[in-house]
K.L.:
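This is the structure I have questions about; it appears just below.
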Amino acid sequence: MNPYKDFKEVVKTELEGLIQDGTLPADLDLSRVAVEPPRDAAHGDLATNAALVLAKPAGVKPRDLADTLAKRLRGHADVSDVEVAGPGFINLRLHDRYWHGCLASILRAGASYGDSDLGRGRAVNVEYVSANPTGPLTVGHARGAVVGDAMAAIMAKAGFSVTREYYINDAGTQVDTLARSAYLRYREALGEEIGEIPSGYYPGEYLKDVGQALAARDGPKWLAQPEAEWLPEARRFAIDSLMDLVREDLAALGIEHDVFTSERALVEAGGVDAVLKTLEARGLVYTGTLEPPKGKAPEDWEPRPQTLFRATDFGDDVDRPLRKSDGSWTYFSSDMANHLDKYRRGASTLIDVWGADHGGYVKRMKAAVEALTEGQGRLEVMICQLVKLTRQGVPVKMSKRAGVFVTLREVIDEVGKDVVRFIMLTRKNDAPLDFDLTKVMEQSRDNPVFYVQYAHARVRSVMRHAQEAFPAIAQDPETLANSHLHFLTDSDELALIRLLAQWPRLVESAAETFEPHRVAFYLYDVAAAFHGLWTKGKDNTRLRFLIEGNPELTAARLALIRGTAQVVASGLDVFGVQPVEEMR
RNA sequence: GCGCCCGUAGCUCAGUUGGAUAGAGCACGAGCCUUCUAAGCUUGGGGUCGCAGGUUCGAAUCCUGCCGGGCGCACCA
């Protein structure tokens, strides 16, 4: 049940009536007509801008049209009051029983409440994390991981068929460096004194395990070999080991991808050739020489003819090279293959979650997707800004290169996966995020994780008390939905129901705008409304949830708080966060 | 130099895709604990929405130009 959607239909029906009787012209475009919750509760339950949007094309004054439309809306069974306000808004107030009906349907819908058919089953591919397999995941990776996972869950709830994908960058020079670093540790494992790790190698301790494992499996067979012999095997072994590590880290965050695509395998299978073929067929590949970048030319810049993709035809700033100077494919080329592959597997909407340092890459990839899919595919890139990790306000140093970094695992061990996940979603992904290890464990309103979880726990606590005090009241959703909900008459009770009624709308807007953080703010609002009600009962005993000697009223209030907990749980589920039964 | 993102209360940030008198938390002022969990609640002050134009019934939101901050800028990934 989605009141805003339902009443949009009601408004449209009335507008069509006005078209039929000739009051409004026949060719009127109703697409901009909206029915929304007004910002100010004094403006009623729902508001529509219909008269404002249609007045001009219809050639009438907004207020006049509003009056005409208002008259018709007054006749609707669920509408208790209609007023025309401001420049021509129509504010609707609905009978309490309508909102009681909403609560009942929320309870009956259970976990599926908030599900939408917005996506109509269309396929969406969400690619996230895709970290190079050269070390354990860091807190920075975690943001992309959580944002991508939540976005995927939101798309799924909004009715899309979602694939969660991880693209393994296992083909570039970085994994060769990894292989050499692992080989060094392999020699070390076999008793060799390797001394200080030379620069240009990954120094991390975690590679010791890899070296030892390789030594345990293969013994000294690689020691006397030249690099060309051992490197491919060391590389394969190291990548496999580190991907296992990455998968473990992701599992600790509760994240599981559906598909892992290997860049190397994709290239070997001719993925880039397919890209080239597609682009050449459209005349989008040529040989040319690029201008050096203005302002900050690289020292080793030399004008040189290159194989280029006409990215400028699709809004990019310059055409992009497809081959490196040694003739091998650029990262961009293989990533194009990756995107073409995802598209050919059926996803016309592609969502990529990237770190801020890849911001300059967005235009070319969008251009590539447009070119490769002849405009049929759409790429949305969610850029995640830096996470500033602090402890009591003091920055915690992170440096992957130096090997002395804060791993995701350490942070999870300290504060728990649910806290990490929730906090990562409390900001727009393209804004920097402050993550204070001390603050996120505080039990105060200042800490959104706690505040939202506490709302859920508080409901469960009251339900437990109710079981003791009112053993006759069954607490299942169906029974509560059938209780005397008309006893819910307090303005704050009704306001809470209206807020709960916005959940489907919120899911859709988060999906349409690719903004998972909206869910976090919504949950905070729901928690605040609930806590407010709880406190109101402290001052006014008649507003408590459990009313001695009045099981009917108590059941109705239990329905309200159970519905609240259900929506909170639904939102947390989208975030991959477990709602708690009690605070400890 | 160019591109992308950002600029909203003292601080940290929302702002329903262009709507009505711009909101919340923290901090500050004033109140509130015999209670279903005070791990909180109520209430007050606090704003040229970076600046200047433009678009229109209507702009924090869209366009242009500035100012300030972040990221990026052949052949890395």
Side-chain angles (χ1 to χ4, degrees), chain A residues 4 32 34 36-40 42-43 47 49 52-53 55-56 61-62 85-89 91 130-132 134 169 171-175 263 289-298 300-304 306 308 316-321 323-328 330-332 334-335 355-363 383 385-386 426-428 430-432 434 442-448 450-451 454 457-459 461-466 469 502 505-506 509 512-513 515 517-518 520-522 524-525 528 531-532 534-539 541 544-547 557 561 582-583:
Chain A
Y4 308 97
R32 286 182 62 215
E36 298 175 329
R39 197 166 297 191
D40 187 342
H43 292 147
N49 62 354
L52 291 163
V53 178
K56 188 174 244 183
K61 287 185 191 165
F89 286 101
N91 296 329
S130 297
N132 297 335
T134 55
N169 302 139
T173 53
Q174 290 190 7
V175 285
E263 176 185 1
T289 307
L290 291 175
E291 297 282 311
K294 295 230 163 69
K296 185 193 147 198
D300 58 348
W301 170 268
E302 51 182 54
R304 182 166 46 77
Q306 299 183 98
L308 299 171
D316 200 359
D317 307 310
V318 289
D319 293 334
R320 301 295 178 179
R323 284 185 193 277
K324 302 182 199 171
S325 52
D326 66 0
S328 63
T330 58
Y331 176 76
F332 178 53
S334 52
D335 207 10
D357 52 339
H358 287 60
Y361 195 76
V362 174
K363 274 192 180 181
I383 294 290
Q385 281 292 342
L386 259 48
T426 52
R427 289 287 176 266
K428 279 193 280 258
D430 55 7
D434 295 317
E442 275 173 15
Q443 300 192 324
S444 74
R445 181 169 186 162
D446 203 14
N447 177 6
F450 163 75
Y451 197 64
Y454 185 32
R458 214 170 210 178
V459 170
S461 168
V462 175
M463 300 300 282
R464 285 192 295 272
H465 278 276
Q502 290 187 34
R505 189 173 186 277
L506 196 109
S509 79
E512 284 176 322
T513 57
E515 293 186 342
H517 74 280
R518 292 183 183 221
F521 285 92
Y522 172 74
Y524 189 85
D525 286 345
H531 288 308
W534 191 93
T535 305
K536 214 171 164 182
K538 218 153 48 71
D539 298 332
T541 51
R544 293 202 185 178
F545 302 134
L546 308 182
I547 304 293
R557 297 225 163 117
I561 66 172
E582 56 184 328
M583 306 306 291

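All values derive from a computational prediction rather than experimental measurement. Within every chain, numbering begins at 1; the chains are lettered A, B, ... in the order of the sequence lines, protein sequences first and strands thereafter.
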K.L.:
Take the protein atom CD of A/E442 and the nucleotide atom P of B/G25, then report the distance between them rounded to whole Å.
P.N.:
17 Å
K.L.:
Taking all non-hydrogen atoms of both residues, which atom of A/K363 and which atom of A/D317 are closest, and how far apart?
P.N.:
NZ-OD1, 3.1 Å
K.L.:
Ignoring backbone atoms, test whether A/R458 places a side-chain nitrogen or oxygen under 4.0 Å from the OP1 or OP2 oxygen of B/A38.
P.N.:
yes
K.L.:
Measuring from atom CZ of A/F332 to atom OH of A/Y361, what distance do you get when rounded to the nearest 0.5 angstrom?
P.N.:
6.0 Å
K.L.:
NA contact type, A/N91, heavy-atom cut-off 4.0 Å: base, sugar-phosphate, or nothing?
P.N.:
base
K.L.:
With rounding to the closest Å, how many angstrom separate the C1' atoms on B/C67 and B/G53?
P.N.:
15 Å
K.L.:
If you only use heavy atoms from C-beta on, which nucleotide in B/A74, B/A38, B/A77 is closest to the side chain of A/W534?
P.N.:
B/A38
K.L.:
Would you mind reporting whether A/Q385 and A/R427 have side-chain heavy atoms less than 4.5 Å apart?
P.N.:
no
K.L.:
For B/A77, does OP1 or OP2 lie under 4.0 Å from any side-chain N or O of A/K324?
P.N.:
yes
K.L.:
Which nucleotide in the set B/C57, B/A74, B/G40 lies at the smallest distance from any side-chain heavy atom of A/L52?
P.N.:
B/C57
K.L.:
Under 5.5 Å between ring centres and under 30° between planes: does that hold for A/F89 against the base of B/A20?
P.N.:
yes
K.L.:
Sort out the partner of B/A24 for me: Watson-Crick or G-U wobble, both distances under 3.5 Å, none otherwise.
P.N.:
B/U12
K.L.:
Determine the contact category for A/R320: base if any of its heavy atoms lies under 4.0 Å from a base atom, sugar-phosphate if only primed atoms, P, OP1 or OP2 are that close, otherwise nothing.
P.N.:
nothing
K.L.:
When we call it a touch if two heavy atoms are under 4.0 Å apart, what does A/T173 touch: a base, just sugar-phosphate, or nothing?
P.N.:
sugar-phosphate
K.L.:
Closer than 4.0 Å, any side-chain N/O of A/K428 to the OP1 or OP2 of B/A14?
P.N.:
yes
K.L.:
Between B/G18 and B/U64, how many Å separate the two P atoms, rounded to a whole number?
P.N.:
15 Å
K.L.:
So do the side chains of A/P87 and A/F89 get within less than 4.5 Å of each other, counting heavy atoms only?
P.N.:
yes
K.L.:
For nucleotides B/G46 and B/A24, find the distance between their C1' atoms and express it as a whole number of Å.
P.N.:
14 Å
K.L.:
Which nucleotide, B/C57, B/A77, B/G3, lies nearest any side-chain atom of A/Q174?
P.N.:
B/A77
K.L.:
Between B/G15 and B/C6, how far apart are the P atoms? Round to whole Å, please.
P.N.:
11 Å
K.L.:
OH of A/Y524 to OG1 of A/T426: how many Å apart, nearest 0.5 Å?
P.N.:
11.5 Å
K.L.:
Should B/C33 be called syn or anti, with syn set as within 90° of 0?
P.N.:
syn
K.L.:
Using a 4.0 Å heavy-atom cut-off, does A/S325 contact any base of the nucleic acid, only the sugar-phosphate backbone, or nothing at all?
P.N.:
base
K.L.:
With heavy atoms under 4.0 Å as the rule, sort A/H517 into base, sugar-phosphate or nothing.
P.N.:
sugar-phosphate
K.L.:
Nearest-Å distance, OH (A/Y331) to C1' (B/A74)?
P.N.:
17 Å
K.L.:
Please measure how far the P atom in B/U43 lies from the corresponding atom in B/A59, and state the result in whole Å.
P.N.:
31 Å
K.L.:
Using the side-chain heavy atoms of A/V462, tell me which of these nucleotides is nearest: B/C36, B/A24, B/U12.
P.N.:
B/C36
K.L.:
Once you measure the plane-to-plane angle for A/F521 and A/H517, does it fall in the parallel (<30°), tilted (30-60°) or perpendicular (>60°) bin?
P.N.:
perpendicular
K.L.:
Can you tell me the base-pairing partner of B/U48? Count Watson-Crick or G-U wobble geometry only, both distances below 3.5 Å, and say none if there is no partner.
P.N.:
none
K.L.:
Between C1' on B/C4 and CG on A/L386, what's the gap in Å once rounded to a whole number?
P.N.:
16 Å
K.L.:
So A/A356, base contact, sugar-phosphate only, or nothing? Heavy-atom distance under 4.0 Å.
P.N.:
sugar-phosphate
K.L.:
So if I take every side-chain heavy atom of A/A85 and compare against B/A77, B/C5, B/A20, which nucleotide ends up nearest?
P.N.:
B/A20
K.L.:
Indicate, with a heavy-atom threshold strictly under 4.0 Å, whether A/Q306 touches base, sugar-phosphate, or nothing.
P.N.:
base
K.L.:
Report the distance from atom CZ of A/F450 to atom P of B/C26, rounded to the nearest whole Å.
P.N.:
13 Å
K.L.:
For a quick test of reading the model: is some side-chain N or O of A/S461 closer than 4.0 Å to OP1 or OP2 of B/U37?
P.N.:
yes
K.L.:
Just checking A/P321: base, sugar-phosphate only, or nothing, at a heavy-atom cut-off of under 4.0 Å?
P.N.:
sugar-phosphate
K.L.:
Distance between the C1' atoms of B/U21 and B/A38, in whole angstroms?
P.N.:
34 Å
K.L.:
In terms of side-chain heavy atoms of A/D434, which of B/A77, B/C13, B/C36 is nearest?
P.N.:
B/C13
K.L.:
Describe the nucleic acid contact of A/Q502 in one word from base, sugar-phosphate, nothing, applying a heavy-atom distance below 4.0 Å.
P.N.:
nothing
K.L.:
Send over the distance from A/K536 NZ to B/A38 C1', rounded to a whole Å.
P.N.:
19 Å
K.L.:
Looking at A/Y451, I'd like to know whether one of its side-chain N or O atoms comes within less than 4.0 Å of OP1 or OP2 on B/C41.
P.N.:
yes
K.L.:
Tell me whether A/H531 is stacked on the nucleobase of B/G40, counting only the six-membered base ring and applying the 5.5 Å and 30° thresholds.
P.N.:
no
K.L.:
Picking from B/C13, B/G72, B/U16, which would you name as closest to the side chain of A/R518?
P.N.:
B/U16
K.L.:
Could you state the CZ-P distance from A/R32 to B/C62, rounded to the nearest angstrom?
P.N.:
15 Å
K.L.:
Base, sugar-phosphate, or nothing for A/A47, non-hydrogen atoms under 4.0 angstrom?
P.N.:
base
K.L.:
Between B/G10 and B/G45, how far apart are the C1' atoms? Round to whole Å, please.
P.N.:
13 Å
K.L.:
Write down the distance between CE (A/M463) and P (B/U37), rounded to a whole number of angstrom.
P.N.:
14 Å
K.L.:
Does B/G7 have a Watson-Crick or wobble partner in any strand here, with both distances under 3.5 angstrom, and which is it?
P.N.:
B/C67
K.L.:
Could you check whether A/G359 gets within reach of a base, just the sugar-phosphate, or nothing at all, counting any heavy atom under 4.0 Å?
P.N.:
nothing
K.L.:
At 4.0 Å (heavy atoms only), tell me whether A/R304 reaches a base, stays on the sugar-phosphate, or touches nothing.
P.N.:
base
K.L.:
Using the P atoms only, state how far B/G58 lies from B/G47, rounded to an integer number of Å.
P.N.:
27 Å
K.L.:
OP1 or OP2 of B/A20 sitting under 4.0 Å from any side-chain N/O of A/R39?
P.N.:
yes
K.L.:
Measure CG/A/D317 against P/B/C5 and give the value in whole Å, please.
P.N.:
12 Å
